[in-house]
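The structure under discussion appears below in the form of structure tokens.
Within every chain, numbering begins at 1; the chains are lettered A, B, ... in the order of the sequence lines, protein sequences first and strands thereafter.
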Amino acid sequence: MTVQGWVYNRTDKGKLVFLLLREGTGFVQCVAFKNDLPAEVFERLLRITQESSIVITGMVRADKRAPGIPGGFEIGVKDAQIIQTANEDYPMALKEHGPDFALDHRHLWMRMPSQWAVLRVRATVISAIREWLDTNGFINMDTPILTPAACEGTTTLFETPYFDEGMAYLSQSGQLYNEADIFAFGKVYSFGPTFRAEKSKTRRHLTEFWMVEPEAAFCDLDALMEIEEQFVTHIVKRVLRDRQAELKSLGRDTTRLEKIEPPFPRISYDDALQMIQQIAAETTDPEKKELLKIEWGMDFGSPHETELTARFEKPVLVYGYPTQVKAFYMEPWPGRPEVCKSVDLLAPEGYGEIIGGSERMSNHELLLQRLHEHKLPEEAFKWYLQLRQYGSVPHSGFGMGVERTVSWVCGIEHIREAIPFPRTIKRVYP
RNA sequence: UCCUCGAUAGCUCAAUAGGCAGAGCGGGCGGCUGUUAACCGCUAGGUUCCAGGUUCGAGUCCUGGUCGAGGAGCCA
């Protein structure tokens, strides 16, 4: 058989050369004995540089000693043709790099096994997302990226000149458009890039990230939570089924992922708050105590989510947040207007929020009132308000961050590794 | 925007109390028939982020700046 690929690493033993070849879908070891091939070819393999492109002809055989992803087999080389000899100054050493250097060389860094594995898992996560939605009655209905104004009215937006229409803004959510779509199609999802111009500098933030946003008509908060746990479980199971070798090479403890099964624990904001307050009271570390300080009405920050989810093995659904910390369009809790029918899905192991969702407000007059309370321009939301005048129904939806989900599934430290070319506050290269 | 930390060879890092600029990897040359980031010998490789200051002497101390990282806020 022949293998086409790139030389990831070379080890020579005099009359024997090992080449660890990247061939796109995996890493395979090729072994060349001096006596098995023409002297001139062997001499070239002995001197081949890292990352050179090559076509190898040989025989596959099983060998427990052979490394690779997956390991356990290798190719005995009979002949080889070098396509291009890579320059000898390839900058990526076969070890850890600092983040600045690694990100400056993202175009090469992605060839490394760890990055290759994460991005392969990402592709499977995306495939599983579409698979579950497509087979559960959701239809893909993408939403515009160039938008006239803030969808939720709070987050900082990237802006761009738009002909004679003034400024257009890069989408930070397709949700409002999804809400229009469900009245035509019942259950829909949008899936695309999302842009946030916030100056967030943490391992959980990107300025450009991918979000899937399912939305369903005739769906209340309870039904939404069921959808979320089925959806997340399916994604985890697909990765466990199809990407074992990649997870293993990342050193991921998959027993944690194997426990992901519905139902997920459901906790009200009120109860979660009490748990956090108790944790804060019991902690002796004064710095941690200060970080965990919280009272009713405040949103959970990252330290709160971390402490809370550390006490569960599965993702946790926290519902019923205070209205004042959530977006204007969320349905109020029956009999408790200070609380809304929102739900966040917090991933375990300290990864925190990967899904934010809610039941949407279906009453026209109340929605109009909320718009005014939030000082949003009624004219810009005219179409959105009309949805409540022509056949309004209870409906719900959520947004899931792809990179945060991939980070959790892979067990990696930083979200920037979960997207091929990350965009952060200080980086738009390469 | 705020808080904390960092910047030394291509890369990852070390350098006692302020006293000759170092190692491993990667590159080059040589050796080895089972390497797993191989190993062994030799070799080349430096504006110690920038601008000032203190000092006989600064990678090290002081001032200002640049760039980066982690965290907070905000969020997926």
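Atom pair A/R196:CZ and B/C75:C1' shows a separation of 6 Å (rounding to whole Å applied). The interatomic distance linking A/H97 (NE2) with B/C11 (C1') rounds to 5 Å, in whole Å. Rounded to a whole Å, the NZ atom of A/K13 is 6 Å from the C1' atom of B/C32. Rounded to an integer number of Å, the gap from A/D36 CG to B/G34 P is 14 Å. Taking atom NZ of residue A/K15 and atom C1' of nucleotide B/C39, one finds them 18 Å apart after rounding to whole Å. For the pair A/Y90 OH and B/A37 P, the interatomic distance rounds to 16 Å; values are reported in whole Å. The distance from atom CG of A/L291 to atom P of B/G70 is 17 Å, rounded to the nearest whole Å. Atom OH of A/Y8 is separated from atom C1' of B/U35 by 14 Å (rounded to the nearest Å).
Side-chain contact of A/T309 with A/E349: a donor-acceptor pair under 3.5 Å is absent, judged by distance alone. A donor-acceptor contact closer than 3.5 angstrom is absent between the side chains of A/T156 and A/R196. A donor-acceptor pair shorter than 3.5 Å can be found between the side chains of A/Q175 and A/E179. Side-chain N/O atoms of A/T25 and A/E23 include a donor and acceptor closer than 3.5 Å.
One N or O donor and one acceptor, one from the side chain of A/H205 and one from the base of B/C75, sit under 3.5 Å apart. Applying the 3.5 Å distance criterion, the base of B/G70 shares no donor-acceptor pair with the side chain of A/E413. For A/K201 against B/A69, a side-chain N or O and a base N or O form a donor-acceptor pair under 3.5 Å. A donor-acceptor contact under 3.5 Å links the side chain of A/D12 to the base of B/C32. Between the side chain of A/S200 and the base of B/C74, at least one donor-acceptor pair of N or O atoms lies under 3.5 Å.
A/F18 comes within 4.0 angstrom of a base, heavy atoms only. Counting non-hydrogen atoms under 4.0 angstrom, A/L20 reaches nothing in the nucleic acid. Residue-level contact check: A/Q29 touches the bases, meaning some heavy atom is under 4.0 Å from a base atom. Using a 4.0 Å heavy-atom cutoff across all strands shown, A/E208 reaches no nucleic acid atom at all. Using a 4.0 Å heavy-atom distance criterion, A/N35 is classed as a base contact. A/G352 comes within 4.0 angstrom of nothing in the nucleic acid, heavy atoms only. Nucleic acid contact for A/R416: sugar-phosphate only, since backbone atoms but no base atoms lie under 4.0 Å from a heavy atom of the residue. Among the atoms of the strands shown, only primed sugar atoms or phosphate atoms (P, OP1, OP2) are found under 4.0 Å from some heavy atom of A/H414.
The nucleotide B/G6 finds its pairing partner in B/C67, both defining distances of the Watson-Crick or G-U wobble pair being shorter than 3.5 Å. Nucleotide B/G30 forms a Watson-Crick or G-U wobble pair with B/C40, both donor-acceptor distances falling under 3.5 Å. Base pairing analysis places B/A15 opposite nothing; no Watson-Crick or G-U wobble pair with both distances below 3.5 Å involves it.
Note on A/S302: a side-chain N or O is less than 4.0 Å away from OP1 or OP2 of B/A72. In terms of phosphate contacts, A/R47 brings a side-chain nitrogen or oxygen within less than 4.0 Å of OP1 or OP2 of B/C29. Considering only side-chain N and O atoms, A/K199 lies under 4.0 angstrom from the phosphate OP1 or OP2 of B/U1.
Nucleotides B/U43 and B/G6, compared at atom P, are 36 Å apart to the nearest Å. Here the separation of B/G53 from B/U60, taken at their P atoms, is 14 Å to the nearest Å. Only the P atoms considered, B/G45 is 25 Å distant from B/A58, to the nearest whole Å. Separation of the P atoms belonging to B/G73 and B/C3 is 16 Å when rounded to the nearest angstrom. The C1' atoms of B/C11 and B/G26 are separated by 7 Å, rounded to the nearest whole Å. Using atom C1' as the reference point in both B/A69 and B/C49, the two lie 15 Å apart (nearest Å). For B/A51 and B/A14, the C1' atoms lie 27 Å apart once the distance is rounded to whole Å. Only the C1' atoms considered, B/G64 is 39 Å distant from B/G27, to the nearest whole Å.
The residues A/D253 and A/K248 are annotated as not salt-bridged, no charged nitrogen and carboxylate oxygen being separated by less than 4.0 angstrom. A/K314 has no carboxylate O lying under 4.0 Å from a charged side-chain N of A/E261, or vice versa, which leaves the two without a salt bridge.
A ring pair (Phe, Tyr, Trp, His ring centres under 6.0 Å) with A/Y8 is found for exactly one of A/F27, A/F18, A/W116, namely A/F27.
A ring-centre distance under 6.0 Å is not found for A/Y189 and A/F138.
The aromatic ring of A/F209 stacks onto the base of B/A76, its centre lying under 5.5 Å from the centre of the six-membered base ring with the two planes under 30° apart.
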